[in-house]
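Here is the structure we will look at, set down as C-alpha cells.
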Amino acid sequence: MRNADSKRNLIALLQLAYSAEMAAAYAYRGHWHSVSDRDERARIEQIENEEWHHRRQVGEMLGKLGSAPNPSREIRARIIGRTLGVLCHVMGWLAPMYGAGRLESRNIGEYETAAAHARDCDHSEFIDGLLRMAEVEWEHEQYFRSRVLSHPIGKRLSLWPQPPPKETIRESFTHSIV
Ligand SMILES: [Fe+2]
Ligand SMILES: [Fe+2]
C-alpha cells in the first residue's frame, strides 16, 4: 500500500514539476531578454536551458512510470510562464530576481521529496537524477539571492529562508534511509 501511495505521490509531484519547469523556462526567457548586463543575461539564459533540461528528464521519468503530463497543468503553465516573461520587461530589475529566488527555494524541496517518493516506490533509478535537479535548483536559488543582495534596496528586504548548504541535499537523503 505504501508503495502504491508513494508511486501516486511521485507521479503527482512529477506532473507538477514537469509543467512548472516550462513556466519557469518561459519566465526566464523573458527575464534574460529584459536585463542589460551581459553576465546576467548569459547566466539567466543558462538557467532557462537547465529548466528545459529538467523538464525533459522529468518527462522521461513520467513515461517510465506509465504516466504522462497533465494537460490542464500544461496549459496553465504555458500561460503563466509567458505572462511572467512579458512582465519581466515592465517590473524593473529587482522584482523578477526576487520572485525567481523565492520560487527556486521551493523547487529544491520538491525534488528532494520526489527522490524520497522514488525510493519508497522502488524506483531508486530516479534518485540520483532527482537529487541532481535539487542541487541545480539550489544553485539557481543562490544566484538569484546573490543578485537581490547586490541591490541597495534588495539588501534591506526580508528574504525567503536560506536553504542549508548544497551538500546537505545528499547527506540528509542518505541519513533518511536508515
Ligand atoms: Fe528546474
Ligand atoms: Fe530552477
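Just so you know, ligand 1 is whichever comes first in the structure, and atom 1 is the first atom listed for that ligand. Keep in mind that the numbers below use all heavy atoms, side chains included, and drop hydrogens, waters and symmetry copies. Source: prediction; values computed, not measured.
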Discussion item. Main chain of I153, side chain of H151: is a donor-acceptor contact present, judged purely on distance under 3.5 Å?
Written reply: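 Yes; at least one donor-acceptor contact below 3.5 Å.
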Fill in: Minimum side-chain heavy-atom gap Q46-W32 below 4.5 Å
no
Discussion item. Between R170 and D128 (salt bridge meaning N to carboxylate O under 4.0 Å), is one present in this structure?
Written reply: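 D128 and R170: salt-bridged.
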Response to the item:
For E51, the N, O or S atom at the shortest distance from the Fe ion (ligand 2) is OE2
Worksheet item: the Fe ion (ligand 2) is nearest to which N, O or S atom of H140?
Response: ND1
Worksheet item: Hey, do the aromatic rings of Y143 and H140 have their centres closer than 6.0 Å?
Response: no
Worksheet item: So, for F144 and Y28, is the gap between ring centers shorter than 6.0 Å?
Response: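 Yes, they do, as the ring centres are separated by less than 6.0 Å.
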Item to complete: Would you check if the Fe ion (ligand 2) lies under 2.8 Å from any N, O or S atom of E104?
Response: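 A backbone or side-chain N, O or S atom of E104 is under 2.8 Å from the Fe ion (ligand 2).
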Worksheet item: the Fe ion (ligand 1) is nearest to which N, O or S atom of H54?
Response: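 This turns out to be ND1.
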Worksheet, complete the sentence: For the Fe ion (ligand 1), angle spanned by E137 OE2 and E21 OE2 (nearest 10°) is 90°
